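Working notes, structure below.
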Amino acid sequence: MNRYESAKAIYAAFGVDTDAAIAKLKTLPLSVHCWQGDDVTGFDHDGPLTGGIQTTGNYPGKARTPEQLMADFDKAMSLCPGKKKLNLHACYAIFEPGEYVDRDKLEPKHFKKWVEFAKERGMGIDFNPTFFSHPNTKDGLTLSSPDEDVRKFWVEHGKACIRISQYMAEETGYPCVMNIWIGDGFKDIPADRMGPRMRYKQSVEEILSEPFDKNLVKPCVESKVFGIGVEAYTSGSAEFSLTFAATHEGCLPLMDNGHYHPTEVVSDKIPALLCFFPEIALHITRPIRWDSDHVVLFDDETKEMAKEIVRCDATDRVYMALDFFDASINRVSAWTVGVRSWQKAMLSALCMPHAELKKLQDEGNFTKLMVMQEEVKTLPFGDIWQKYCEECGVIADEKWFDEIVKYEEEVLSKRA
């Protein structure tokens, strides 16, 4: 008996069908963010990065052109199992020479090359308006600005992104999750907390007034607790964003697990929101003390988030996307570790005896529940992961890193 067959039998004794878990995971798309490859720079500006975001490090080999970014994305995805989507920000528009337009005038044609890229790989695309790193940000504010010209510029940008999202969905055949996030806020204690939020509310309502097919475009609002330079207040707080989504039909809440206070965990919020929302969206990251967007690892909270999605039978109700950026290490390796870590978390969750554990809880048998929860932690999950990777045609063990080393030597190290 080989290792997988042995592990399969052990899991079967706990009531888990590992073949079914592997088959299920193959169908679940993970949206992978393009911005890990170039430190959230994009192609419509030269910097700096603003909006409460900071990418630290200066590892050589950063992608500086669309072709380089696509090549790096391809390399990372070739080392990752599972079904993927491409997640883009509006600042990654690709212009022909002499064709530049500002963000309020963006059109689907400026993302045609990305659509072709995704279609060739059988991927859908998710999209994000870029409300940061732009000179038309006044006193750190965009959609919540008291300057009506500034606010209107960003509303028009959001409407343009609705049209682009519709185009992406129609072309790829997959729904496009369009996420609205702003870094608007104040460094120190504000005199008016409600005013910016009322303007933000009006702005998002104006954006969503742009016609779109609700089966194809999935607008979201993403909250933020604080950021660099906006430590005291953010317009798009958790309470604001969640209430907006709850009171506006067709708008989803998006939770980024780095956008809450350090003692809050999104794993507990997932089942709470699923009680009320038909669909929700996630940006999966790894905060260390704050929204630091470290590379996702196979750690406790990552595993708990995946478990809640599975045990709530919500794999078809939760749009899963990654969101991290690290410029201190090889960027392609960072992508690969993050994707593989979430895939591990989801496979591990699919291999849990959730029905039996729920039964013990409902019966009040908390003694046995504790015992069983501890026992499953040492089941031979590595052998199930090995089988999943083999079936997906990717390297299962740490030897995938040899490909990264080779790619750095042959490609990344030669970039200026």
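Bear in mind the structure is a predicted one, so any value in this text is a computation, not a measurement. Basis for what follows: all heavy atoms, side chains included, without hydrogens, waters or symmetry-related copies.
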Next on the checklist: Could you walk me through whether K62 and T41 satisfy the side chain to side chain donor-acceptor pair (under 3.5 Å) test, starting with their C-alpha distance in whole Å, then the side-chain angles of each, then the deciding distance to 0.1 Å, before giving a yes or no?
Outcome noted: CA-CA 10 Å; K62 169 184 171 178; T41 303; 3.1 Å; yes
Checklist entry - When the ring centroid of F244 is compared with that of Y200, is the distance short of 6.0 Å? => result no
Item to check | Charged N-O contact under 4.0 Å between K119 and E116 | outcome: no
Checklist entry - Between H134 and W154, does the ring centre distance come in under 6.0 Å? => result yes
Checklist entry - Just wondering, are more than 12 heavy atoms of other shown residues or ligands nearer than 6.0 Å to CG in D362? => result yes
Next on the checklist: Check for me whether R121 meets the cation-pi criterion with F117, that is, NZ or CZ under 6.0 Å from the six-membered ring centre and within 45 degrees of the ring axis.
Outcome noted: yes
Checklist entry - Roughly how far apart are I180 CD1 and I207 CD1, rounded to 0.5 Å? => result 4.5 Å
Checklist outcome for this item: Given the options E304, E301, E308, S267 meets side-chain hydrogen bond (donor to acceptor under 3.5 Å, both in side chains) only with E301
Next on the checklist: Quick check on D313: does its CG atom have over 12 non-hydrogen neighbours (other residues, nucleotides or ligands) under 6.0 Å away?
Outcome noted: no
Checklist entry - Taking everything shown except E249 itself, do over 12 heavy atoms lie less than 6.0 Å from its CD? => result no
Checklist entry - Should we count CD1 of I189 as having more than 12 external heavy atoms under 6.0 Å? => result no
Checklist entry - Around F276, counting heavy atoms of other residues, nucleotides and ligands shown, do more than 12 lie under 6.0 Å from its CZ? => result no
Checklist entry - With sequence neighbours excluded, what pairs up with F277 under the ring-ring contact (aromatic ring centres under 6.0 Å, His included) test? => result none
Checklist entry - Within a reach of under 6.0 Å around NZ of K26, are more than 12 heavy atoms found that belong to other residues, nucleotides or ligands? => result yes
Item to check | Heavy atoms of other groups near K187 NZ, more than 12 under 6.0 Å | outcome: no
Checklist entry - How would you list all residue pairs meeting salt bridge (charged side-chain N to carboxylate O under 4.0 Å, His left out) that involve residues 172-181, not counting sequence neighbours? => result none
Checklist outcome for this item: The complete set of ring-ring contact (aromatic ring centres under 6.0 Å, His included) pairs with one or both residues in residues 293-323, sequence neighbours excluded, reads F298-F381
Next on the checklist: I need the H283 NE2 to S223 OG distance, nearest 0.5 Å.
Outcome noted: 11.5 Å
Item to check | Residue pair N330 / E408, side-chain donor-acceptor N/O under 3.5 Å | outcome: yes
Item to check | Salt-bridge present (R415, D72; N to O < 4.0 Å) | outcome: yes
Checklist entry - With respect to L357, which candidate in K307, M372, K368 satisfies the side-chain contact (heavy atoms from CB on, under 4.5 Å) definition? => result M372
Checklist entry - Say you draw a straight line from CD of E96 to NE2 of H110; how long is it, rounded to the nearest 0.5 Å? => result 9.0 Å
Checklist entry - Who are the salt bridge (charged side-chain N to carboxylate O under 4.0 Å, His left out) partners of D293, not counting sequence neighbours? => result none
Next on the checklist: To the closest 0.5 Å, what do you measure between CD1 (I164) and CD1 (I125)?
Outcome noted: 11.0 Å
Next on the checklist: Run the side chain to side chain donor-acceptor pair (under 3.5 Å) test on Y4 and D19 for me, step by step, so that the C-alpha distance in whole Å, both residues' side-chain angles and the decisive distance to 0.1 Å come before the verdict.
Outcome noted: CA-CA 10 Å; Y4 174 69; D19 287 341; 2.5 Å; yes
N/O donor to acceptor pairs below 3.5 angstrom from side-chain atoms of residues 347-356, sequence neighbours left out:
| residue | atom | partner | partner atom | Å |
| --- | --- | --- | --- | --- |
| H354 | NE2 | A349 | O | 2.7 |

Checklist entry - Are K112 and E107 close enough for a salt bridge, meaning some N to O gap below 4.0 Å? => result no
Next on the checklist: Using 0.5 Å steps for rounding, measure from the CD1 atom of I270 to the CG atom of D268.
Outcome noted: 9.5 Å
Checklist entry - Looking at Y260, is K269 sitting on its ring face, NZ or CZ under 6.0 Å from the six-membered ring centre and within 45 degrees of the normal? => result yes
Checklist outcome for this item: Which of S203, S235, S144 passes side-chain hydrogen bond (donor to acceptor under 3.5 Å, both in side chains) with D184? Answer is S144
Checklist entry - Can you pull the side chain to side chain donor-acceptor pair (under 3.5 Å) pairs that have at least one residue in residues 86-95, sequence neighbours excluded? => result D38-Y92, N87-N128, H89-T130
Next on the checklist: Once rounded to the nearest 0.5 Å, what's the spacing between atom SG of C389 and atom NZ of K344?
Outcome noted: 8.0 Å
